[in-house]
Amino acid sequence: MSNRYKIETKCIQEGWKPSKGEARVLPIYQSTTFKYDSSEQMGRLFDLEDSGYFYTRLQNPTNDAVASKIASLEGGVAAMLTSSGQAANFYAVFNICEAGSHIVCSSALYGGTFNLFGTTMKKLGIEATFVDPDAPLEELQKAVQENTRCVFAETIANPALTVLDIEKFATLAHSNGVPLIVDNTFATPINCRPFEWGADIVTHSTTKYMDGHAACVGGCIVDSGNFDWEAYHDKFKGLTEPDESYHGIVYTQKFGKLAYITKATSQLMRDLGSIQSPQNAFLLNIGLETLHLRVPRHCENALKVAKYLENNEKVAWVNYAGLEGNKYYDLAKKYMPNGTCGVISFGLKGDRKTAEQFMDRLKLAAIVTHVADARTSVLHPASHTHRQMTEEQLVEAGVQPDLIRLSVGIENADDIIADLEQAMAE
Ligand SMILES: *Cc1c(COP(=O)(O)O)cnc(C)c1O
């Protein structure tokens, strides 16, 4: 991976590197399996003595080319694609946690991640403490326990749109000898590269801006290679002590900076099998080629729409970190000087019915669960994605019951505004 190129060039050129006579465009390796000449060659792969492909549940060349592009965009050393963003977040944490471990996470989280950490992982014996991301460091420190194994947060929380003080969270993690994992889905590496601010591991739901066209569900985990697992040997025995399922290999000793991703691939993917299909990886790659063009347009349109809503008397409040006066404006300027994302949240004056009526009247913007694709879309989290939460949990996650989430697409901004205008008319 080369750091020679600027991010726009990386979007196009990184990943697939064909040699003489090979396809210029990333091929879809639509094959479950890969051929070898001798049984010894194959045996060495299973011992992790040689690297190579043998079965697509673990690794596939199409996926690896795309993962390597994302690693380059984030400035990391290695990456792994997963079948969804949920799988990425689960693996990212489970790769260094086990029954008896504890994690500290921001309470401003995607609803799916909140359920995963708060309910499902609890059943595996991994406890989470949710913290207010805006709390001062001393306050956050109180959530850390002796068995804490990582700190987790979202760069821009979905749908609360809180902007993370990444340096504060990195200090919290590192002063306690654990890595910071950041879900960078909404900002994308075009607007923010969390490794530059001290994060150790980045995850993505590639389903959103990276794919960008609402065509494929997918996820990705990227490792910066910066966290020193051996310095905290006893906390991360899964990486620093022999893996009996691979004849006693020690990941940190054998793979150095690639230890974390190698373990995730050769152990978690092998055993849990949530690989992204090579077809989807191919489509994701096409999305990535225009990420640097789409993300700035999403931000430009979102700012126009946010300003329109802010000046509209039917609107009770607007939350968009790009708006001057927003609580997160300064943090956004620091960590994302070129823009945040295309997602806005706002509330209408009136009751819940006002919100529903408004949404039903929209013609261009569609009511969908999805966010962050080329088409403008809208959702009412309290009645859709976050409906499992109590009112109290909603408020804790930064989701007011009247919150409308508007994912501004890359259509003409005037057309989007006209649609909102007609839907708000009496
Ligand atoms: C959508 C989303 C996820 C989950 O990703 P899927 O691809 O839907 O599984 C995780 N984190 C954030 C911030 C998301 O927006």
Side-chain angles (χ1 to χ4, degrees), residues 63 66-67 70 74 79-94 103 105-121 128 130 133 152-164 166 169 180-192 194 199 201-222 272 274-277 280-281 283-284 287-288 291 295 298 302 321 336 340-345 368-373 377-379 381 384-386 388-389 397-399 403 405-408:
N63 291 25
V66 181
I70 297 174
E74 287 287 4
M80 175 177 91
L81 295 190
T82 56
S83 57
S84 68
Q86 285 298 109
N89 283 334
F90 175 56
Y91 282 20
V93 172
F94 196 59
I103 66 175
C105 35
S106 163
S107 61
L109 281 184
Y110 173 66
T113 310
F114 180 82
N115 289 336
L116 171 67
F117 291 169
T119 306
T120 301
M121 287 187 46
F130 295 95
F152 185 100
E154 295 175 6
T155 324
I156 305 175
N158 173 11
L161 304 178
T162 43
V163 175
L164 184 72
I166 306 173
F169 268 66
L180 171 63
I181 305 179
V182 169
D183 181 332
N184 197 32
T185 298
F186 267 24
T188 83
I190 302 299
N191 283 344
C192 181
I201 291 148
V202 155
T203 61
H204 281 281
S205 165
T206 61
T207 317
K208 314 293 165 54
Y209 290 116
M210 284 193 166
D211 169 76
H213 302 79
C216 306
V217 172
C220 186
I221 307 174
V222 190
L272 301 168
S274 307
I275 194 97
Q276 187 165 130
S277 87
N280 283 3
L283 291 168
L284 168 58
L288 287 169
L291 188 68
V295 166
H298 278 288
M336 297 158 230
T340 52
C341 65
V343 184
I344 294 172
S345 62
V368 296
T369 319
H370 195 62
V371 277
D373 79 85
S377 55
V378 70
L379 182 88
H384 306 135
T385 45
H386 287 59
Q388 283 85 3
M389 288 187 171
V399 185
L403 183 152
R405 185 181 71 184
L406 181 67
S407 175
V408 180

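In each ligand, atom 1 is the first atom listed, and ligand 1 is the first ligand listed.
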Quiz prompt | Partners passing side chain to side chain donor-acceptor pair (under 3.5 Å) against Asp373 (at least two apart in sequence or in another chain) | solution = Arg375
Practice problem: Of all the heavy-atom pairs spanning Gly218 and Gln276, show the shortest one and how long it is. | Solution: CA-NE2, 3.4 Å
Practice problem: Grab the two heavy atoms, one from Leu161 and one from Cys341, that are nearest each other, plus how far apart they are. | Solution: CD2-SG, 4.4 Å
Practice problem: Would you please name every residue forming a ring-ring contact (aromatic ring centres under 6.0 Å, His included) with Phe90, sequence neighbours left out? | Solution: Phe94
Which pairs would a plain distance check flag for residues 106-113, meaning a side-chain donor or acceptor within less than 3.5 Å of a matching protein atom at least two apart in sequence or in another chain?
| unit_1 | atom_1 | unit_2 | atom_2 | d |
| --- | --- | --- | --- | --- |
| Ser106 | OG | Ala108 | N | 3.1 |
| Ser107 | OG | Val131 | O | 3.2 |
| Ser107 | OG | Glu396 | O | 3.2 |

Quiz item: Between Arg405 and Val343, which heavy-atom pair has the shortest distance, and what is it?
Solution: CG-CG1, 3.6 Å
Would you mind listing each N/O atom of ligand 1 next to any protein N/O under 3.5 Å, plus the distance?
| unit_1 | atom_1 | unit_2 | atom_2 | d |
| --- | --- | --- | --- | --- |
| ligand 1 | 5 (O) | Ser205 | OG | 3.0 |
| ligand 1 | 7 (O) | Gly85 | N | 2.9 |
| ligand 1 | 7 (O) | Ser205 | OG | 2.8 |
| ligand 1 | 7 (O) | Thr207 | OG1 | 2.6 |
| ligand 1 | 9 (O) | Gly85 | N | 3.0 |
| ligand 1 | 9 (O) | Gln86 | N | 2.9 |
| ligand 1 | 11 (N) | Asp183 | OD2 | 2.7 |
| ligand 1 | 15 (O) | Asn158 | ND2 | 2.9 |
| ligand 1 | 15 (O) | Lys208 | NZ | 2.6 |

